[in-house]
Amino acid sequence: MHCSHCGTCCKKTEMMLSNADIERLERVGYERQKFVRYDRYSFARLKNHREFCVFYDIQKCRCKIYKHRPLGCRIFPVIYSEQEGIVVDDLCPMKNTVSKIELERKGQKVIDLLQKIDNEATSHRNTTPKKK
Ligand code: SF4
């Protein structure tokens with residue numbers, strides 16, 4: 001696909017993170033508390049700051065961690081929709097540049113990634129003390 005760097009997908013992000021994503025970003029110097037939040041189902045997600053992902057540079061319209069960005073960001077705009085399955089997200093203005101081969105290749109990655117994240121969230125739920 002051809003990315004126009006519009007930043008739409010980095011605004012109010014709810015991107016889920018795998019443990020591998022978190023550890024990769026920690027290795028390059030980012031503290032997990034600064035970029036990870038856990039939702040009520042124990043899924044790790046990117047934090048936002050002023051309506052954008054904490055890693056989005058609003059002035060330059062660029063991802064500050066592009067080389068190390070989460071796998072879900074690399075796979076985007078291919079996503080899993082509960083109603084339709086693997087699809088190209090309508091949110092992306094360049095969605096028409098995603099080829100059929102890319103959709104198939106990334107679609108399999110989405111499924112693998114979601115399975116992994118789901119297992120990790122289950123483990124997080126089982127090991128994190130409940131808030132009183
Ligand atoms: S990590 Fe980068 S590509 Fe992913 S949402 Fe944040 S700014 Fe966008």
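One is the number of the first residue; the rest follow in order along the sequence.
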**Q** Check the pair Met15 / Cys73 against side chain to side chain contact (heavy atoms under 4.5 Å, CB included), numbers first and verdict last.
**A** CA-CA 7 Å; Met15 182 58 72; Cys73 299; 3.8 Å; yes

**Q** Hey, quick one: are Phe35 and Val28 part of the same hydrophobic cluster, counting side-chain heavy atoms closer than 4.5 Å, chains of contacts allowed?
**A** yes

**Q** Do you reckon Met16 sits in the same ILVMFWY cluster as Phe76, going by side-chain contacts under 4.5 Å, direct or chained?
**A** no

**Q** So, for Leu103 and Val87, which heavy atoms are closest and what is the spacing to 0.1 Å?
**A** CD1-C, 4.2 Å

**Q** Say you draw a straight line from CG of Leu17 to CD1 of Ile117; how long is it, rounded to the nearest 0.5 Å?
**A** 7.0 Å

**Q** Would you give the length of the straight line joining atom CD1 of Ile111 to atom CD1 of Ile86, rounded to the nearest 0.5 angstrom?
**A** 4.5 Å

**Q** Any donor and acceptor pair, going by atom type alone, linking the side chain of Lys47 with main-chain N or O of Gln33 inside 3.5 Å?
**A** yes

**Q** How far does OG1 of Thr13 sit from CG of Leu46, to the nearest 0.5 angstrom?
**A** 5.0 Å

**Q** Considering non-hydrogen atoms only, spot the tightest contact between Pro70 and Asp21 and give its length.
**A** CA-OD1, 3.4 Å

**Q** For Asp39, is there an ion pair with Arg45 - N to carboxylate O distance below 4.0 angstrom?
**A** yes

**Q** Between CD of Glu31 and CD1 of Ile22, what distance do you get to the nearest 0.5 Å?
**A** 14.0 Å

**Q** Are the charged groups of Lys95 and Asp89 less than 4.0 angstrom apart, N to O?
**A** no

**Q** Quick one: do Leu113 and Ile65 end up in the same hydrophobic cluster if we chain Ile, Leu, Val, Met, Phe, Trp and Tyr together by side-chain heavy atoms under 4.5 Å apart?
**A** no

**Q** Might you point out which heavy atoms bring Arg24 and Arg74 nearest each other, and give the distance in Å?
**A** NE-NH2, 4.1 Å

**Q** Where the side chain of Asp57 meets the backbone of Cys63, is there a donor-acceptor pair that is under 3.5 Å apart?
**A** no

**Q** Could you tell me whether Lys109 and Asp112 have a side-chain N and a carboxylate O separated by less than 4.0 Å?
**A** no

**Q** So, Arg105 side chain and Glu102 main chain: donor-acceptor pair closer than 3.5 Å or not?
**A** no

**Q** Between Pro77 and Cys92, what is the shortest heavy-atom contact and its length?
**A** CB-CB, 3.7 Å

**Q** Which residues end up grouped with Ile58 if you chain together Ile, Leu, Val, Met, Phe, Trp and Tyr wherever their side-chain heavy atoms are less than 4.5 Å apart?
**A** Phe52, Tyr56

**Q** Kindly give the heavy-atom pair with the smallest separation between Ser18 and Glu120, and that separation in Å.
**A** CA-OE1, 3.3 Å

**Q** To the nearest 0.5 angstrom, please state how far the CE atom of Met1 sits from the NZ atom of Lys106.
**A** 6.5 Å

**Q** For the rings on Phe55 and Tyr30, is their centre-to-centre separation under 6.0 Å?
**A** yes

**Q** Enter the distance from Cys10:SG to Glu51:CD here, rounded to the nearest 0.5 Å.
**A** 13.5 Å

**Q** Tell me, which pairs form a ring-ring contact (aromatic ring centres under 6.0 Å, His included) where one or both residues lie in residues 78-124, sequence neighbours left out?
**A** Tyr38-His124

**Q** So Ile79 and Val110, side chain to side chain contact (heavy atoms under 4.5 Å, CB included) or not? Walk me through it.
**A** CA-CA 7 Å; Ile79 57 161; Val110 169; 5.8 Å; no

**Q** Scan side-chain atoms only and decide if Asn126 and Ser123 contain a donor-acceptor pair under the 3.5 Å cut-off.
**A** no

**Q** Is the backbone of Leu114 close enough, under 3.5 Å, to the side chain of Asp118 for a donor and an acceptor to pair up by distance?
**A** no

